[in-house]
Amino acid sequence: MIKNPIETILNIDNLSINYKVGDQYAKALNEISFSISKGERIGLVGESGCGKSTLLKTIMGVLPGNADILSGKIELNGKNLLEIDSEARRKTRWADISMITQSALNALNPVQRISDQICEAIKAHKNVTYSEAMARVEELFELVGVAKSRAREYPHQFSGGMRQRAIIAMALALSPQLVLADEPTTALDVIVQDQIFTQLKQLQKEMGFAMILVTHDLSLVVENCLKTIVMYGGQIVEFGPTDDMATNPLHPYTIGLKNAVPVLGSTKNPISIPGTPPNLMLAQKGCLFAARCPLATEKCRNEIPKLNLAADLHYARCHHLPEAQQFAAQADNPEIWEVN
Ligand SMILES: Nc1ncnc2c1ncn2[C@@H]1O[C@H](COP(=O)(O)OP(=O)(O)O)[C@@H](O)[C@H]1O
Ligand SMILES: [Mg+2]
């Protein structure tokens, strides 16, 4: 994939992951390749179970014990994180790469003051005194929009939105270069979600970190990210500039996802793609989306499509790229999607 070696901070190449489940394997990530530049914001979308969280956990280095990395590279500033020892890896967590998780409730310890939790994270990486760490915590609270006088409270004394801001404060404590946000606002109402995104974007502008934003909400990505990755069944099926993907989606799955989003002011009903995502335990033959795809042919059922460059910086994994535009024009008709 095309990358600018000066600007690229994270480069992922051919990454594949299996989960061991009993005596079987689930192919959770399948030949993932992409890169992210300094200060860039990339959206990562796809149905539940397609591997979004697994990808972030792999980058962060917090995969569960039953996960196996089969192949690939994760290069941070040119250094492969899969080849460094566990102590060096521990040092990259939070300091270079940090994560904002789905549920602020799980990420915070309910019986410890929030300030102490963030102080501990700082002191685990930096040789500072408690009062120096505490000064940083107060600074961070102001940055994320929570009064510093509240830093010594416990998680249960905070609203959902404030807890999420505290998590963001923790993620930014050591000024990382890359922030991985896994559905950071899913549990919050739309207004709070909006405020938090505005704040995150502001912080990103000031601090310059890059961010991967995982969400199942396509409209969040369109509003917030210049580039988008679409995943399906553990693979990247489309990757490119968000603008281009919004106006000219190329993969039938992306086209379907777009139609599944309610559009403000539109009289059309959103339509969801019939069928279910692929079973990752089964051996893969052909395109993983073929069973649900109105364009699928024998070739699709037998030959795995490659992620091909289809337009400027815009990649898609489909045997029928020349038909994408014509299909997109009809894809708001639910009958088109009745494949079987
Ligand atoms: N610890 C685990 N053990 C076994 N399978 C897992 C584990 N975590 C996730 N999976 C499976 O891996 C696939 C990807 O999961 P996940 O990365 O959580 O997807 P997403 O975040 O897109 O919903 C799913 O099929 C899921 O069931
Ligand atoms: Mg997830």
Side-chain angles (χ1 to χ4, degrees), residues 9 39 53 56-57 59-64 76-77 81 84-188 192 195-214:
I9 64 156
S53 296
L56 295 200
K57 285 179 196 163
I59 300 170
M60 184 74 176
V62 292
L63 279 172
L76 182 72
N77 299 317
L81 298 180
I84 60 179
D85 63 45
S86 57
E87 178 55 18
R89 188 76 162 112
R90 187 193 68 79
K91 282 189 180 145
T92 67
R93 274 195 288 277
W94 301 108
D96 297 318
I97 304 177
S98 71
M99 195 152 164
I100 304 170
T101 47
Q102 257 174 61
S103 160
L105 267 184
N106 294 341
L108 293 168
N109 181 348
V111 296
Q112 194 181 19
R113 293 177 201 280
I114 294 171
S115 52
D116 288 346
Q117 301 187 37
I118 304 179
C119 276
E120 270 177 22
I122 295 171
K123 284 174 67 54
H125 285 90
K126 280 194 165 162
N127 190 14
V128 291
T129 62
Y130 179 82
S131 62
E132 281 165 342
M134 197 58 208
R136 175 71 178 147
V137 171
E138 293 189 341
E139 183 185 46
L140 286 162
F141 263 60
E142 306 246 285
L143 268 180
V144 299
V146 181
K148 64 180 180 191
S149 59
R150 304 204 53 178
R152 288 177 178 78
E153 293 183 9
Y154 290 89
H156 71 89
Q157 293 172 284
F158 275 26
S159 68
M162 282 166 69
R163 275 197 291 262
Q164 203 60 21
R165 285 171 195 271
I167 293 289
I168 294 171
M170 184 131 85
L172 301 181
L174 296 156
S175 307
Q177 306 168 57
L178 176 65
V179 174
L180 309 171
D182 195 352
E183 314 229 16
T185 57
T186 301
L188 306 172
V192 178
Q195 291 167 346
I196 288 186
F197 269 109
T198 306
Q199 188 109 44
L200 255 178
K201 282 193 279 191
Q202 184 59 33
L203 290 168
Q204 196 182 15
K205 216 156 111 192
E206 288 163 21
M207 300 173 72
F209 53 86
M211 181 158 91
I212 302 178
L213 169 65
V214 164

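For Glu138 and Arg152, the salt-bridge test passes: some basic side-chain N is under 4.0 Å from an acidic carboxylate O. Between Arg150 and Glu153 there is a salt bridge, since a side-chain N of the basic residue sits under 4.0 Å from a carboxylate O of the acidic one.
Considering every non-hydrogen atom in both Ile167 and Ala107, the closest pair reads CD1-CB, 3.3 Å. Nearest heavy atoms, Leu172 versus Met207: O-CE, 3.8 Å. Closest approach of Met134 to Ala151, counting heavy atoms only: CE-CB, 4.3 Å.
There is a side-chain donor-acceptor pair under 3.5 Å between Gln202 and Glu206. Residues Asp182 and Thr101 bring no donor and acceptor atom of their side chains to less than 3.5 Å of each other. Side-chain contact annotation: Tyr154 with Asp116, donor-acceptor N/O pair under 3.5 Å absent.
A donor-acceptor distance shorter than 3.5 angstrom exists from the side chain of Ser159 to the backbone of Met162, with no hydrogens or angles considered. Checking side-chain atoms of Gln117 against main-chain N and O of Asn109 turns up a donor-acceptor pair under 3.5 Å. The closest donor-acceptor contact from the side chain of Arg165 to the backbone of Phe141 lies at 3.5 Å or more, if one exists at all.
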Yes or no on side-chain contact (heavy atoms from CB on, under 4.5 Å) for Glu132 and Lys126, after CA distance, side-chain angles and deciding distance?
-> CA-CA 10 Å; Glu132 281 165 342; Lys126 280 194 165 162; over 6 Å; no
Starting from the C-alpha separation in whole Å, work towards a yes-or-no answer on side-chain contact (heavy atoms from CB on, under 4.5 Å) for Leu140 and Ile168.
-> CA-CA 9 Å; Leu140 286 162; Ile168 294 171; over 6 Å; no
Derivation and outcome, side-chain contact (heavy atoms from CB on, under 4.5 Å), residues Phe209 and Leu178 = CA-CA 5 Å; Phe209 53 86; Leu178 176 65; over 6 Å; no
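For Lys201, the NZ atom sits in a packed shell: over 12 heavy atoms of surrounding residues, nucleotides or ligands are nearer than 6.0 Å.
With rounding to the nearest 0.5 Å, the separation of OG1 in Thr185 from CD1 in Ile100 is 10.0 Å.
Counting only residues at least two apart or in different chains, side chain to side chain donor-acceptor pair (under 3.5 Å) contacts with residues 91-100 comprise Asp96-Gln177.
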